[in-house]
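These notes concern the structure reproduced below.
Each ligand, and each atom within it, is numbered from 1 in the order the structure gives.
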Amino acid sequence: MNSMTDYPVLTIDGPSGSGKGTIAQLMAKELGWHYLDSGAIYRVLAQAAIKHHIEFDDELALAELASELKVVFTIEDDQLIVRLEDEDVSTLIRSEQAGNAASKVAVLPTVRAALLQRQRDFCQSPGLVTDGRDMGTVIFPHAVYKVFLSASAEERAQRRYKQLKEKGIESNLSDLIIEISERDVRDSQRTAAPLRPADDALLLDSTTMGIDAVFERVRAHCSDEL
Ligand code: C5P
């Protein structure tokens, strides 16, 4: 059975902080489909590299680590729990530093190739909602529904600043804008699977939209195509 084509897929791609994770999780719940947070895989890989003292430019060792990565995703009390080698790393991988580290290992083509089938294997009955950078272009090019969600770097940094504040973590807005912009450049300018909308994706700029409005728009898009 070819899992790439047998079950419907909704891909939501976009830069960091665009709200794609939130929308993807809401849509997975709405449709009753599985959910893949592909960014978490790159975040876990970077964490595993640090744990095993592998340098971020050692492409061969990183690709080997990627193909053997012992990562398990579960949903517990509506939360995505991520375990690396049996250790709960759900909180650890969400820091800005972990995101930056992920984007450094994600530029490497052999690493991406080593993670390709692992991501496709998430496509199970009755369907899959997935978010990332190359979901609609490389991993699930035949997805029935594709969305590309963006927002200005300033707005995304503001959202991140608010999230961190709610968690009691102090941060600096100007630093966040710089970090987000640097990650955008790294993700969009790499040669392997750069961040870009699929030709058949619905383009949504959420800079001035609330989460509810974005959700309604994506939901309508999926029912249009049914
Ligand atoms: O989406 P998230 O911020 O968790 O992704 C972390 C990093 O992982 C991104 O900045 C990007 O470099 C990389 N990534 C990727 N391809 C994906 C998902 C994430 O290259 N499909």
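Between Met135 and Gly132, the closest heavy-atom pair is CG-N, 3.7 Å.
Atoms of ligand 1 found under 4.0 Å from any heavy atom of Gly132, numbered from 1 in the order shown, are 18 (C), 21 (N). Of all atoms in ligand 1, numbered sequentially from 1 with element shown, those under 4.0 Å from a heavy atom of Met135 are 21 (N). Atom numbering of ligand 1 starts at 1 in the shown order; those under 4.0 Å from a heavy atom of Asp134 are 16 (N), 17 (C), 21 (N).
In this structure, CG in Asp131 is found 10.0 Å from CG in Leu149, a value given to the nearest 0.5 Å.
In this structure, of Ser188, Ser38, Ala106, the residue bringing a heavy atom nearest to atom 18 (C) of ligand 1 is Ser38.
When only non-hydrogen protein atoms are considered, atom 19 (C) of ligand 1 lies nearest to Gly39 CA, 3.5 Å. Nearest non-hydrogen protein atom to atom 16 (N) of ligand 1 is Arg112 NH2, 3.0 Å. Distance from atom 17 (C) of ligand 1 to its nearest protein heavy atom, with residue and atom name: Arg133 N, 3.4 Å. The nearest protein atom to atom 6 (C) of ligand 1, hydrogens excluded, is given as Arg183 NH1, 3.5 Å; this is a heavy-atom distance. Nearest protein neighbour of atom 8 (O) of ligand 1, counting heavy atoms only, is Tyr42 CB, 3.6 Å.
Residue contacts with ligand 1, taken as heavy atom pairs separated by less than 4.0 Å, involve Arg43 solely via side-chain atoms from C-beta onward. Heavy atoms of Asp187 found under 4.0 angstrom from ligand 1 belong exclusively to the side chain. Here Glu96 has no heavy atoms under 4.0 Å from ligand 1, in either its backbone or its side chain.
Checking side-chain atoms of Ser18 against main-chain N and O of Ala151 turns up no donor-acceptor pair under 3.5 Å. A donor-acceptor contact shorter than 3.5 Å is absent between the side chain of His221 and the backbone of Leu202. A donor-acceptor contact shorter than 3.5 Å links the side chain of Arg120 to the backbone of Ile139. Judged purely by atom type and a 3.5 angstrom limit, Ser206 uses its side chain to pair as donor or acceptor with the backbone of Ser150.
Evaluated for a side-chain hydrogen bond (donor to acceptor under 3.5 Å, both in side chains) with Lys146, the options Thr11, Asp13, Asp199, Asp200 yield exactly one hit, Asp200.
In terms of polar-atom proximity, defined here as any N/O pair under 3.5 Å, Arg94 makes no such contact with ligand 1.
The residues Arg156 and Asp184 are annotated as salt-bridged, a charged nitrogen and a carboxylate oxygen being separated by less than 4.0 angstrom.
Remark: distances from the non-hydrogen atoms of Arg190 to ligand 1 include one below 4.0 Å.
Between Phe122 and Phe73, the angle of the ring planes goes over 60°, which puts this pair in the perpendicular group of the 30/60° scheme.
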